[in-house]
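See below for the structure under consideration.
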Amino acid sequence: MIISGKELAASLKGEMAAQVATFGERYGRVPHLAVVLVGEDPGSVSYVKGKAKASAEVGIRNTTIRRPDTITESELLALIAELNADDGVDGILVQLPLPKHIDSARIIAAIDCSKDVDGFHPLNVAALWQKQPCVLPCTPKGIIKMLKAAGVTISGKRAVVIGRSNIVGLPVAKLLLDENATVTIAHSRTADLAAVASQAEILVVAIGRPRFVTADMVADGAVVIDVGVNRDPESGKLCGDVDFAAVEGKASVITPVPGGVGPMTICCLMENTIECFLRKMER
Ligand code: NAP
C-alpha cells in the first residue's frame, strides 16, 4: 500500500477550509500566517510558494516577507519583534536555512512561542518532551497522521528512526514513543545500520541521502516512511532517502517522494496556524 500524503493532505485541507470559512462571522477575521524568507535559495523560494498556495486553499491569510541575504541578525530580530507585537499576526514562520552569518537558534528563540507555527521554539520543544500542550513540529505531526490514516497500529511496535535532527528525527521519535512504540534512533555513527533498520516494523528515514535505504535494510512487511527530499544525482528529479523501486515490494506500507510526507508537512502547518489563532481568540 502506498500512502498518498497528497490525497490525505487535500482532504484535510478541505475540512480546514470549511472550518476557516466560519471564522469571519465568529471571530471577525481569518488566521494570518507571516512567512519570512531571507535570500533567494530556490528550494526555500519553492517551499514558501507552497505554503502560500496551501494558505489560499484553506482560506488563511498569508503574508510572505522577503528580505535580502545581506540582512543583519539584529535587523531580522527587529522584524520578528514587530511580528510578535502585531496582534493581527497569528503565526510566524522563518524559512530555514538562514544565511550563515545569522544564528538560526537565536532567531527561532525570538519568535513568540504562541505564534511558533513550526513548533521549533525551545519552549515548544520542552513542552513536547514533557508531554505538555504545545505546537507540534509539522513533519513529525504529519507522519503520525499518515500512519493513523493508513490504519497502522503504532502501539507495541518496534520503530526505528534513522536521523536525529531537531526538526524531524528527534521529535518523530518522541511522538512514536508517545504512541507507545518501542523506539530506536539511528544516525551516522550507528554500527551496522542495516541490521538495526531491518529490525523495524515501522521505519522512518530522515537523513537527506538519495535512495540510501535499500531492500536489504528493510524487513518484510515493514511500514516505511520516507522523509527525504533529494535531487537524484543522475536524473535531477526529486527522490527520497529510500530506494522506492527496490523497497516497495518488501514493505507493507510505504510513502512516495514526492507526494508523501511533504504535502502532510504543509497541511500540518495550516493546522498549527489555525490552532494558534483559535488559542488566541478563545483566551
Ligand atoms: P539533517 O539535519 O541534515 O539531519 C540528518 C540526519 O541524518 C542526522 O542525524 C545524521 O546523523 C543522519 N545521517 C546522515 N547520513 C547518515 C547515514 N549515512 N547513515 C545514518 N544516518 C545518517 O536533516 P533533516 O533536516 O532531518 O532532513 C532530513 C531529510 O528530510 C532531508 O532530505 C530533508 O530535505 C528532508 N525533509 C523533508 C521534510 C518534508 O516535509 N518532506 C521536512 C524536513 C526535512 P548525525 O546526527 O550522526 O550527523
Side-chain angles (χ1 to χ4, degrees), residues 2-9 12-13 35 41-51 53-54 93-98 100 104-105 108 117-120 125 136-147 159-176 183-200 203-214 216-218 224-233 236-244 254-272:
I2 299 173
I3 316 180
S4 169
K6 199 175 165 187
E7 279 175 25
L8 179 58
L12 294 172
K13 281 187 288 185
V35 177
D41 172 71
S44 295
V45 170
S46 132
Y47 283 131
V48 164
K49 276 190 187 151
K51 288 163 188 176
K53 182 169 170 273
L93 181 151
V94 177
Q95 185 63 43
L96 301 175
L98 288 169
K100 287 203 171 56
S104 303
I108 290 166
V117 283
D118 255 340
F120 294 164
V125 176
L136 290 176
C138 303
T139 303
K141 184 177 183 177
I143 291 170
I144 300 295
K145 276 186 192 287
M146 286 174 100
L147 290 170
V160 174
V161 177
I162 314 183
R164 54 175 166 179
S165 70
N166 286 332
I167 64 168
V168 189
L170 290 181
V172 80
K174 174 65 167 97
L175 293 185
L176 288 164
V183 183
T184 300
I185 304 175
H187 45 79
S188 67
R189 314 287 174 88
T190 297
D192 202 350
L193 182 62
V196 174
S198 58
Q199 291 298 308
L203 180 64
V204 179
V205 191
I207 58 178
R209 304 260 182 274
R211 296 197 304 269
F212 180 88
V213 170
T214 44
D216 59 307
M217 299 169 79
V218 177
V224 179
I225 304 290
D226 188 354
V227 185
V229 179
N230 313 294
R231 286 273 160 212
D232 183 314
K237 289 188 179 158
L238 280 188
C239 73
D241 289 342
V242 175
D243 184 346
F244 186 89
I254 189 165
T255 62
V257 178
V261 174
M264 286 304 293
T265 296
I266 297 193
C267 175
C268 290
L269 173 67
M270 299 300 113
E271 199 177 278
N272 284 353

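Predicted, not measured: the structure shown is a model, and the values here were computed from it. Every number for a ligand or one of its atoms is a count from 1 in the order of the listing.
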Can you find an N/O atom of [X] closer than 3.5 Å to an N/O atom of ligand 1?
| X | value |
| --- | --- |
| Ser188 | yes |
| Val229 | yes |
| Asp241 | no |
| Tyr47 | no |

Run the contact test for Gly169 against ligand 1 with a 4.0 Å cut-off on heavy atoms, strictly below, and give the result.
->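 Flag not set, Gly169 not near ligand 1.
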Verify the contact flag for atom 32 (O) of ligand 1, where contact means a protein heavy atom under 4.0 Å away.
->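 Given the 4.0 Å limit, the answer for atom 32 (O) of ligand 1 is yes, a protein heavy atom qualifies.
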Side chain, backbone, both or neither: which part of [X] comes within less than 4.0 Å of ligand 1 when only heavy atoms are counted?
| X | result |
| --- | --- |
| Thr190 | neither |
| Val227 | both |
| Asn230 | side chain |
| Val168 | side chain |
| Met264 | neither |

Can Leu147 and Ile143 be said to form a side chain to side chain contact (heavy atoms under 4.5 Å, CB included), step by step?
-> CA-CA 6 Å; Leu147 290 170; Ile143 291 170; 4.3 Å; yes
Pick one: which of Val125, Val94, Leu96 meets side-chain contact (heavy atoms from CB on, under 4.5 Å) with Ile108?
->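 In the set Val125, Val94, Leu96, the residue that makes a side-chain contact (heavy atoms from CB on, under 4.5 Å) with Ile108 is Leu96.
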Option among Asp226, Thr255, Val172, Val261 that satisfies the side-chain contact (heavy atoms from CB on, under 4.5 Å) test with Val204 =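 For Val204, the side-chain contact (heavy atoms from CB on, under 4.5 Å) check succeeds only for Val172.
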From Asp232 atom CG to Arg211 atom CZ, the distance as rounded to the nearest 0.5 Å =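 These two atoms lie 4.0 Å from each other.
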Reported CD1-to-CD1 distance for the pair Ile254 and Ile225, which is rounded to 0.5 angstrom |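 It is 9.0 Å, given to the nearest 0.5 Å.
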Can you find a heavy atom in the side chain of Asn230 that is under 4.5 Å from one in the side chain of Asp241?
->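 SC-SC contact between Asn230 and Asp241 confirmed.
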Over all atoms of both residues, closest heavy-atom pair of [X] and [Y]:
| X | Y | value |
| --- | --- | --- |
| Glu7 | Ser4 | N-OG, 2.9 Å |
| Ile3 | Met146 | CD1-O, 3.9 Å |
| Val168 | Ser165 | N-OG, 3.1 Å |
| Lys145 | Leu12 | CD-CD1, 4.1 Å |
| Lys51 | Gln95 | NZ-OE1, 2.7 Å |
| Thr139 | Val227 | CG2-CG1, 3.8 Å |

If only atom types and distance count, is the side chain of Asn272 paired as donor or acceptor with the main-chain N or O of Leu136 below 3.5 Å?
->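 Present.
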What is the nearest protein non-hydrogen atom to [atom], stated with its residue, atom name and distance?
| atom | result |
| --- | --- |
| atom 17 (C) of ligand 1 | Phe212 CZ, 3.9 Å |
| atom 46 (O) of ligand 1 | Arg164 NE, 2.7 Å |
| atom 14 (C) of ligand 1 | Arg209 NH2, 3.7 Å |

Per-atom contacts of ligand 1 with [X], taking only distances under 4.0 Å to non-hydrogen atoms:
| X | answer |
| --- | --- |
| Gly208 | 28 (C), 29 (C), 31 (C), 32 (O) |
| Thr265 | 39 (C), 40 (O) |
| Leu193 | 19 (N), 20 (C) |
| Gly262 | 40 (O), 41 (N) |
| Ile167 | 25 (O) |

Taking the minimum heavy-atom distance to atom 13 (N) of ligand 1, which of Thr139, Ile207, Ile143 ranks first?
->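 Going through Thr139, Ile207, Ile143 one by one, Ile207 has the nearest heavy atom to atom 13 (N) of ligand 1.
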Measure from atom 1 (P) of ligand 1 to every heavy atom in Ser165, Gly142, Pro137 and give the option owning the shortest one.
->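 Of the listed residues, Ser165 has the closest heavy atom.
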